[in-house]
Amino acid sequence: MTEEKEKSLNFIEEIVTEDLKAGKNGGKIVTRFPPEPNGYLHIGHAKSICLNFGLADKFGGETNLRFDDTNPVTEETEYVDSIRADVRWLGFEWENEFYTSDYFDNLYEFAIQLIKKGLAYVDDSSAEEIANLKGSPTQPGSDSPFRNRSIEENLDLFQRMHAGEFPDGAKVLRAKIDMANPNMHLRDPLMYRIKHAHHHRTGDKWCIYPMYDFAHGQSDSIESITHSICTLEFDVHRPLYDWYIEKLEIFPSHQYEFARLNLSHTVMSKRKLLQLVQEGIVNGWDDPRMPTISALRRRGFTPSAIRNFCERIGVAKRDNLIDVGLLEFCIREDLNKTADRVMAVLDPLKVVITNYPEGQVEEMHVENNPEDKESGSRIVPFSREIFIEKEDFMEVAPKKFFRLGPGLMVRLKGAYIIKCDDFVKDENGEITEIHCSYIPESRSGSDTSGINVKGTIHWVSAAHAEKAEIRLYDRLLIVEDSSSVGNDFKKFINPESLIVIRDVLVEPSLKEADLGTNYQFIRKGYFCLDKDSTPDALVFNRTVTLKDTWAKEMKK
RNA sequence: UGACCGAUGGUGUAAUGGUAACACUACGGUUUUUGGUGCCGUCUUUCUAGGUUCGAAUCCUAGUCGGUCAACCA
């Protein structure tokens, strides 16, 4: 019985389904992911990546990775490399790797064609003059004095622009459409500008570069992209996208727009992210507080959790603000099933088990993951002196406190039940040490004591523990919707977005921790080794906390 | 004061003229050697006003609210 429930399609999948049914494009579907290599990919890009590659996967098509590199002054190879790595890490493989700059010759030829058709002209106006004549959304623009040059003159001028005869900004090539069109993008948009700049791929071959609008649709067309998917703000560009394709009489790619991802408690714009990096508010693009793919990776997120998140948030056209809690849910859901459990004590309190023989060490076999029976077990040494969390002991315990306090009993995870007999305070009234006795018959796995305890706590053996540094990460901003505070977002950085704890005590097995392996520190959250870690100085990042209903209860 | 896009629980997303549902959140219960996980349950929804129709979240009209558009950026 393969009774799979028909999952409803998003509106783009519906369009594709209909196109396929109608036999459009010979039953083929080709998409593309077109980042500009001027920054790092973030979770919003992941949504687009999952959409584009997912569509091709689902309908038997192909997806190209195309670097939209038409602006030589902002684009760099460093970004190309990081983007490639991020897309692969997310689990996608592209059919072709292309660059808009691959098409500079074609684009130049397209421009000549439009000039010859009397649909493009060279304008000597300055940027300011062009802006002034453009009008405003509510006010029609007016024609440039250069609008009616002859085809011959335009051809000559454009070729001389190409040949490098003019300085930057002296002239532009514009499409001749309609200066009074209610759509600003149709008011004789710029096609080419002069930039005597070195390009990361074409070097110094060109001194004129095409604008986005004159490059994107034609690049789609050259690659026979059937469904060109972009975000909502390009909706107003679509008439122009179609205009170029129509006038050039080339393969009719079509553009479809969806609402970009907005995530709560963070910023997503490249400009703002760059600001955080440049002003040292975070420690680079992969600072685990950033919403970039590289940061999420470093923080311990998995590709499948991110893909799952992108699936859950859906695809539609209305503006949205996704609660980062959903992303946290997705990573917990994944890691719960896959991450091995280990023990680490973040805020240690010494426990002496007074009736346990001095010098004795027992090797406890502790299961790695109760959710995965295949995961086996590991050995954790137990001895007379151990450390537990300070917060797991209270001198005066409230009624439902299932942990340690005078006379109270708990199970030490994977070991014995202990009972608190006494505790030691220093001159400040601070509890420095507690004394317990253990129940020898209660050893985990062979418990004949018949004692039932409510609480189980984690611990590490004092003589065997490793020291580590732990970095606790939390949401970047204290405001939900960063768009509500605009450029003031830096005033809302969460002061607790990063808390470093040194001298954390972790169980000895973590000495062998690998980069890229996720762990659950029992009762504390999911962690992974950070790249700053060395064999002598372990560093772990907290990916996300565990759900903590007790903490919630205490807040009431 | 123009053009375009949008509006379904707290947050997202479905329902494609025929019983408004799914996930997350919140809250309760249960299980548990993680106050984790699992399982069960509860709360909460069609922007407004007209119209078409036997029947409207869905179609039409108007309004309201939100977003986008005036870079030689993409």
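None of these values were measured; they are calculated from a predicted model. Chain naming here is simple, since letters A, B, ... match the order of the sequence lines and numbering starts at 1 in each.
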Practice task
For B:U31 versus B:C40, give the span between their P atoms, rounded off to a whole number of Å.
Solution key: 15 Å
Problem - RNA chain B contacts among residues 42-51 of chain A, heavy-atom distance under 4.0 Å - result: none
Problem - Rounded interatomic separation in angstrom, taking CD from A:Glu257 and C1' from B:A3 - result: 15 Å
Exercise for the section: Please tell me which of the listed nucleotides, B:U13, B:U34, B:G35, lies nearest to the side chain of A:Thr549? Expected result: B:G35
Handout entry: Sugar-phosphate, base or nothing in reach of A:Pro140, heavy atoms under 4.0 Å
Key = nothing
Handout entry: Check ion pair A:Asp392-A:Arg523 (N to O, under 4.0 angstrom)
Key = yes
Problem - Sugar-phosphate, base or nothing in reach of A:Gly445, heavy atoms under 4.0 Å - result: base
Problem - Range-with-range stems of RNA chain B (Watson-Crick or G-U pairs under 3.5 Å, three or more in a row) - result: B:2-7 with B:64-69, B:10-13 with B:21-24, B:26-30 with B:38-42, B:47-51 with B:59-63
Practice task
Answer yes or no: does a side-chain N or O of A:Arg523 lie under 4.0 Å from OP1 or OP2 of B:G35?
Solution key: yes
Practice task
Could you measure between the two P atoms, the one in B:G63 and the one in B:A23, and give it in whole Å?
Solution key: 40 Å
Practice task
Identify which nucleotide among B:G12, B:G2, B:U13 has an atom closest to any side-chain atom of A:Arg318, counting heavy atoms from C-beta outward.
Solution key: B:U13
Practice task
For nucleotides 69-74 of chain B, just jot down a letter per nucleotide in 5' to 3' order: B, S or -, based on protein non-hydrogen atoms under 4.0 Å.
Solution key: SB-BSB
Practice task
With P as the reference atom in both, quote the distance from B:C60 to B:C69 in angstrom, rounded to an integer.
Solution key: 27 Å
Practice task
Could you tell me the separation between the CZ atom of A:Arg475 and the C1' atom of B:U11, rounded to a whole number of Å?
Solution key: 12 Å
Problem - Same-atom distance (P) from B:A62 to B:G6, integer angstrom - result: 15 Å
Exercise for the section: Would you kindly give the CD-to-C1' distance between A:Glu371 and B:U32, to the nearest whole Å? Expected result: 10 Å
Exercise for the section: Looking at every strand, decide which applies to A:Leu546 at a 4.0 Å heavy-atom threshold: base, sugar-phosphate, or nothing. Expected result: base
Pairwise N/O distances under 3.5 Å, protein to nucleotides 24-26 of chain B:
| unit_1 | atom_1 | unit_2 | atom_2 | d |
| --- | --- | --- | --- | --- |
| B:A26 | OP1 | A:Lys552 | NZ | 2.7 |

Problem - Salt-bridge criterion met for A:Glu13 and A:Lys58 (N-O under 4.0 Å) - result: yes
Problem - A:Arg341 CZ to B:U34 P, straight-line distance once rounded to whole Å - result: 10 Å
Practice task
Answer yes when A:Glu363 and A:Arg443 have at least one side-chain N-carboxylate O distance shorter than 4.0 Å, and no when they do not.
Solution key: no
Fill in the blank from the handout: For A:Glu223, the salt bridge (Lys or Arg N to Asp or Glu O under 4.0 Å) test, sequence neighbours excluded, returns A:Arg66
Exercise for the section: Classify the nucleic acid contact of A:Arg238 as base, sugar-phosphate or nothing, counting any heavy atom under 4.0 Å across all strands shown. Expected result: nothing
Problem - Contacts of type ring pair (Phe, Tyr, Trp, His ring centres under 6.0 Å), residue A:Phe33, not counting sequence neighbours - result: none
Practice task
Look at all strands and tell whether A:Ile417 reaches a base, only sugar-phosphate, or nothing, counting heavy atoms closer than 4.0 Å.
Solution key: nothing
Exercise for the section: Describe the nucleic acid contact of A:Val315 in one word from base, sugar-phosphate, nothing, applying a heavy-atom distance below 4.0 Å. Expected result: sugar-phosphate
Practice task
Take atom P in B:C5 and the same atom in B:U44, then report the distance between them in whole Å.
Solution key: 36 Å
Exercise for the section: Record whether the side chain of A:Thr456 comes under 3.5 Å of the base of B:U34 through a donor-acceptor pair of N or O atoms. Expected result: no
Exercise for the section: Using atom CG of A:Asn369 as one end and atom C1' of B:U37 as the other, report the distance to the nearest whole Å. Expected result: 10 Å
Problem - Residue pairs, two or more places apart or on separate chains, that pass ring-ring contact (aromatic ring centres under 6.0 Å, His included) and touch residues 164-186 of chain A - result: A:His185-A:His237
Output a table of nitrogen or oxygen pairs between the protein and nucleotides 40-42 of chain B separated by less than 3.5 Å.
none

Handout entry: Residue met sooner reading RNA chain B from 5', once A:Asn10 and A:Phe521 are mapped to nucleotides
Key = A:Asn10
Practice task
May I have the distance from A:Ile229 (atom CD1) to B:C5 (atom P), rounded to whole angstrom?
Solution key: 19 Å
Practice task
Tell me what A:Gly455 touches on the nucleic acid: a base, only sugar-phosphate, or nothing, going by heavy atoms under 4.0 Å.
Solution key: nothing
Handout entry: Proximal nucleotide (of B:U13, B:G35, B:G36) relative to the A:Lys400 side chain
Key = B:G35
Exercise for the section: Just compare B:G12, B:U34, B:C5 and give me whichever is closest to any side-chain atom of A:Ile313. Expected result: B:G12
Problem - Inter-nucleotide P distance (B:U45, B:U8), Å rounded - result: 14 Å
Practice task
Look at the aromatic rings of A:Tyr108 and A:His162 and report parallel, tilted or perpendicular, splitting at 30° and 60°.
Solution key: tilted
Problem - Lys/Arg N to Asp/Glu carboxylate O, A:Asp102 vs A:Arg201, below 4.0 Å - result: yes
Handout entry: Basic-acidic side-chain contact under 4.0 Å: A:Asp168, A:Lys195
Key = no
Exercise for the section: Return yes if some donor-acceptor pair links the side-chain N/O of A:Thr31 with the main-chain N/O of A:Asn52 below 3.5 Å, else return no. Expected result: yes
Handout entry: Check: A:Arg341 main-chain N/O paired with A:Arg378 side-chain donor or acceptor under 3.5 Å
Key = yes
Practice task
Report the residues that fulfil salt bridge (Lys or Arg N to Asp or Glu O under 4.0 Å) with A:Glu233, sequence neighbours left out, ordered by chain and then residue number.
Solution key: A:Arg260
Exercise for the section: Using ring pair (Phe, Tyr, Trp, His ring centres under 6.0 Å) as the criterion, list what pairs up with A:Tyr192, not counting sequence neighbours. Expected result: A:Phe158, A:Phe214
Handout entry: A:Glu333 and A:Arg312 ion-paired at < 4.0 Å
Key = yes
Practice task
Taking A:Glu257 for its side chain and A:Arg238 for its backbone only, find out whether a donor-acceptor pair lies under 3.5 Å.
Solution key: no
Problem - Whole angstrom value for the distance that separates P of B:U33 from CG of A:Leu412 - result: 15 Å
Exercise for the section: For A:Arg403, answer base if it contacts any base atom (sugar-phosphate contacts may also be present), sugar-phosphate if it contacts only those atoms, and nothing otherwise; contact means non-hydrogen atoms under 4.0 Å. Expected result: base
Practice task
Quote, to the nearest angstrom, the C1' distance that separates B:G35 from B:U68.
Solution key: 47 Å
Practice task
Identify, with sequence neighbours excluded, every residue that meets ring pair (Phe, Tyr, Trp, His ring centres under 6.0 Å) alongside A:Phe146.
Solution key: none
Exercise for the section: Before giving the answer on side-chain contact (heavy atoms from CB on, under 4.5 Å), spell out for A:Phe110 and A:Tyr244 the whole-Å C-alpha distance, their side-chain angles and the decisive distance to 0.1 Å. Expected result: CA-CA 9 Å; A:Phe110 287 148; A:Tyr244 285 131; over 6 Å; no
Practice task
Could you tell me which residues satisfy ring pair (Phe, Tyr, Trp, His ring centres under 6.0 Å) with A:Trp243, sequence neighbours excluded, listed by chain and number?
Solution key: none
Exercise for the section: Answer with base, sugar-phosphate or nothing: what part of the nucleic acid does A:Gln520 contact at a heavy-atom distance below 4.0 Å? Expected result: base
Practice task
Output yes when a side-chain donor or acceptor of A:His458 lies under 3.5 Å from a complementary backbone atom of A:Ala344, and no otherwise.
Solution key: yes
Exercise for the section: Tell me which nucleotide among B:C4, B:G35, B:U34 gets nearest to the side chain of A:Phe401. Expected result: B:G35
Handout entry: Near-ring test A:Phe521/A:Phe540, centroid separation under 6.0 angstrom
Key = yes
Handout entry: Length of the line joining A:Asp319:CG and B:U11:P, which is rounded to integer Å
Key = 14 Å
